[in-house]
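Data first, discussion second: the structure below is written as structure tokens.
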Amino acid sequence: MVAITLPDGSVKSFPQPVSGVDVATAIGPGLAKAALAMKVDGALVDLKKVIDRDARIEIVTGKSPEALELIRHDVAHVLAEAVQELYPGTQITFGPATEDGFYYDFVREQPFTPDDFGKIEARMKEIIDRNEEIVREEWQGADAVKHFESTGEKYKAEWVQEIANRGEKISIYRQGKWLDLCVGPHLPSTGKLPKAFKLTKLSGAYWRGDAKNAQLQRIYGTAWASESDLKAHLTRLEEAEKRDHRRLGREMDLFHVQEEAAGSVFWHPKGWTLWRTLEGYIRRRLEDGGYVEVKTPQLVDRRLWEQSGHWDKFKDAMFLATPRAEGASVEEGDRVYAIKPMNCPCHVQIFKQGLKSYRDLPLRLAEFGACHRYEPSGALHGIMRVRAFTQDDAHIFCTEDQITAESIKFCDLLRQVYGDLGFSDVRVKFSDRPAIRAGEDAIWDKAEKALKDASKAAGLETTLNPGEGAFYGPKLEFVLRDTIGRDWQCGTLQVDFVLPERLDASYVGEDGAKHRPVMLHRAIFGSFERFIGIVIENYAGKLPLWLAPVQGIVATIVSDADDYAREVVKKARAAGLRVDPDLRNEKIGYKVREHTLAKVPLLLAVGRREAEQGTVAVRRLGTGSDAQETLALDEAIARFAKEADVPHA
RNA sequence: GCCGACGUAGCUCAGCGGUAGAGCAACUGAUUCGUAAUCAGUAGGUCGCGAGUUCGAUUCUCGCCGUCGGCACCA
């Protein structure tokens, strides 16, 4: 006798062990047809799994939140089956579900091309039509290894061997003639799959994620429960493309990049205005936060980098410069400079000037430091990942006892700034001690606790990023997501006991003896380039008034209003607004369209009526002509000047 | 760095073994117009760079550079 409890609380009893299929059928034929899998006491399993004890069961259908992942995983299998049917000799490796779809990694001499997609998709649909039953089997390790070796599946065999070595059972899923090693769960048959999928992209991927290993061919796809969901997803992708900072940067004439300076940004007047506005804003926040600003050299002798430890670990990513003419050899003893990849060693040099006392701590040295790193060519991305960037960097020199308070202060400041810039969902990763690290465990305990306390006190929820801390200390990473779903680390807070030691920084304590300060490395934007990119995407280019490089356009309707328009511009500028005239001989509709596309927040239209009455017709970005209002000039300017105020305490 | 795709006018893109085309933008002229494109005309290109094949290469082949999508990396 097996008692099955259903989600509504009702209990169904069965005389003998039952599968999910039996349970669903007992409830109704509609459900039996829709059933994809089930949850037994909360665990997702195959619908065909037989239950021989009392349990709570929930039938998973296409409408269940778990369904998508199941479907995507199954579609990945169908993709692999299709590929192996179409391209014999291709080896399979892994194929999981992803955030919005799936991928499968293959091994094949000949590269796949996007032209193959149509053919593969057609075969996948065929496999779904075949309605192949999906069956789970348990194999002996040796048998599985033998099977995969005999079919030439070297990668699968390697993986199976490892599982067998651990003494675990081998779980095989078979669909039709095709089979794969997989823990499941899966749908009962391929016919249950919706055909709402699409192969999207092709890429290389290293076996086991290690660049030292062979590179596999990865085919990505997206899969949904229904055709309309698929369409909606593709539409979302198109919309996201319109928010891409690279596209908006060009359309809004903010910046460009070009071949001769790959990985460096040419800032145009409007883009640079945006930069300076942000810089002015953050500078004021830092001043309020008790920071002092410094500026340190671009070129620094390699000896300092050797001392700091960067040379050993990061010299491949450092640009070097020598003072000698081209062609001259760089000999032993000659000066070799590195263009700084970071600011910390230089800030320590400032700290070390003169004798520091405990009364000087905490000392918060801030710099908008331009750094250069030779990033791998494949890593470059718009202005988000570049080789030349400016950090809103600061190092807080403090005592161990001050770590917690300083960390809290920083998290508060960061929250304030992100709030001002319209970021509501910030993910915070807490990266704790890595396997290879410097410093005593007691110090790590202290540092980790300080960071944890600080993020909690600032009301931040963190997710653990185990073992990903820097070798010198744990870190908080503040991650923002761009419009195409990529995550970027922007803010960071790192506790460092190592650099002060290596660079011999010290202060005189209350006891009159020398002590080592602790360094907190911290950034809010991370880099101006990356952060501006994210800001642009977050606002889809429609920047709030205070950030917009061109805040308003005064557009004339007839040339009789030219003089009045000039007067409006003059007064607006006197009030600190960034306003330009548009006196061109064009219809107002043309001007409206153009400045709307350029994402100018305010359009002040002036015709004869406005000139006579001393008013402006205000049309705001994102609203239509019906929402416009006519305001007295002085009133309008006062209102907008107030609205355009840079946020501050 | 690795795999794949791509690189044609300012932008978006078409073309293709016989040295290039469209729309928008630009420029000139006309038009003075009330909220997302007024009309007409003109001009604009070493087809990323360098080799090779060919009578002839933007087109085919190779190399390099860059961009894009991933992977790896990200102090």
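Heavy atoms only: backbone and side chains are in, while hydrogens, waters and symmetry mates are out. Letters A, B, ... mirror the listed sequences (proteins, then strands); counts begin at 1.
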Exercise for the section: Using a cut-off of 6.0 Å, state whether more than 12 heavy atoms not belonging to A:Lys352 lie near its atom NZ. Expected result: yes

Exercise for the section: Quickly work out the A:Phe314 CZ to B:A75 P distance and round it to whole Å. Expected result: 7 Å

Fill in the blank from the handout: Out of B:A75, B:A37, B:A36, minimum distance to the side chain of A:Tyr590 belongs to B:A37

Problem - Side-chain donor/acceptor contact of A:Glu260 with base of B:G48 under 3.5 Å - result: no

Handout entry: Per A:Arg246 side chain, nearest of listed nucleotides B:U32, B:C71, B:G69
Key = B:G69

Problem - Between A:Tyr155 and A:Phe106, ring centroids under 6.0 Å - result: no

Problem - Nucleotide nearest A:Val558 (side chain, heavy atoms from C-beta), chosen from B:C71, B:G4, B:U32 - result: B:U32

Practice task
In whole angstrom, give me the gap between the C1' atoms of B:U58 and B:U46.
Solution key: 11 Å

Fill in the blank from the handout: Among B:C71, B:C74, B:A37, the one nearest any side-chain atom of A:Arg385 is B:C74

Problem - Rounded P spacing from B:G7 to B:C62 in Å - result: 16 Å

Fill in the blank from the handout: Here the gap from A:Asp496 atom CG to A:Phe471 atom CZ, rounded to the nearest 0.5 Å, amounts to 7.5 Å

Handout entry: A:His310 side-chain proximity, nearest of B:U35, B:C71, B:A75
Key = B:A75

Exercise for the section: Would you mind telling me which residue lines up with the more 5' stretch of RNA chain B, A:Thr630 or A:Cys344, judged by nearest nucleotide? Expected result: A:Thr630

Exercise for the section: Mind checking A:Lys475 for me? I need base, sugar-phosphate or nothing, with any heavy atom below 4.0 Å counting as a touch. Expected result: sugar-phosphate

Practice task
Take atom CH2 of A:Trp207 and atom C1' of B:G70, then tell me their distance rounded to the nearest Å.
Solution key: 19 Å

Exercise for the section: Please determine, by modelled atom types, if A:Glu367 and A:Thr296 share a side-chain donor-acceptor pair under 3.5 angstrom. Expected result: yes

Problem - Interatomic distance at C1', B:G44 relative to B:G23, whole Å - result: 15 Å

Handout entry: Heavy-atom donor-acceptor pair, A:Tyr374 side-chain to B:G1 base, under 3.5 Å
Key = no

Handout entry: Proximity to the side chain of A:Lys201 - top-ranked nucleotide from B:G69, B:A5, B:G34
Key = B:G69

Problem - Whole-Å distance separating the CG atom of A:Leu254 from the C1' atom of B:G10 - result: 16 Å

Practice task
Sticking with atom C1', work out how far B:G66 lies from B:C47, rounded to a whole angstrom.
Solution key: 16 Å

Practice task
For B:C73 versus B:A14, give the span between their P atoms, rounded off to a whole number of Å.
Solution key: 36 Å

Problem - Closest-nucleotide 5' rank along RNA chain B - winner of A:Arg609 and A:Gln258 - result: A:Arg609

Exercise for the section: Please determine, for B:U46, whether a Watson-Crick or G-U wobble partner exists with both distances under 3.5 Å, and give it or none. Expected result: none

Problem - Over 12 non-hydrogen atoms of neighbours within 6.0 angstrom of CZ in A:Arg303 - result: no

Practice task
Mark yes when over 12 heavy atoms from residues, nucleotides or ligands other than A:Lys154 sit less than 6.0 Å from its NZ; otherwise mark no.
Solution key: no

Practice task
Write down the distance separating the P atoms in B:A37 and B:G45, rounded off to the nearest Å.
Solution key: 32 Å

Problem - Separation of the C1' atoms in B:A51 and B:C13, to the nearest angstrom - result: 29 Å

Practice task
Report the distance from atom CG of A:Leu603 to atom C1' of B:A36, rounded to the nearest whole Å.
Solution key: 11 Å

Problem - Whole-Å gap separating P (B:C68) and CG (A:Leu202) - result: 18 Å

Exercise for the section: Nearest whole angstrom, please: distance from the P of B:G1 to the CG of A:Asp210. Expected result: 19 Å

Completion exercise
Of the listed B:A75, B:U67, B:G34, the closest approach to the A:Ile588 side chain comes from B:G34

Exercise for the section: Using the C1' atoms only, state how far B:G4 lies from B:G56, rounded to an integer number of Å. Expected result: 33 Å

Handout entry: Whole angstrom value for the distance that separates P of B:U38 from CD1 of A:Ile557
Key = 15 Å

Handout entry: Lys/Arg cation over aromatic A:Phe525: A:Arg530, 6.0 Å, 45° cone
Key = no

Exercise for the section: Starting at atom CE of A:Met342, determine the distance to atom C1' of B:C74, rounded to an integer number of angstrom. Expected result: 11 Å

Handout entry: Minimum-distance nucleotide (side-chain atoms of A:Arg373 versus B:G4, B:A75, B:A36)
Key = B:A75

Fill in the blank from the handout: Quick note, A:Pro376 side chain, CB onward, closest among B:C71, B:U35, B:C73 is B:C73

Practice task
From the options B:U12, B:U67, B:G4, select the nucleotide whose nearest atom is closest to the side chain of A:Arg250.
Solution key: B:U12

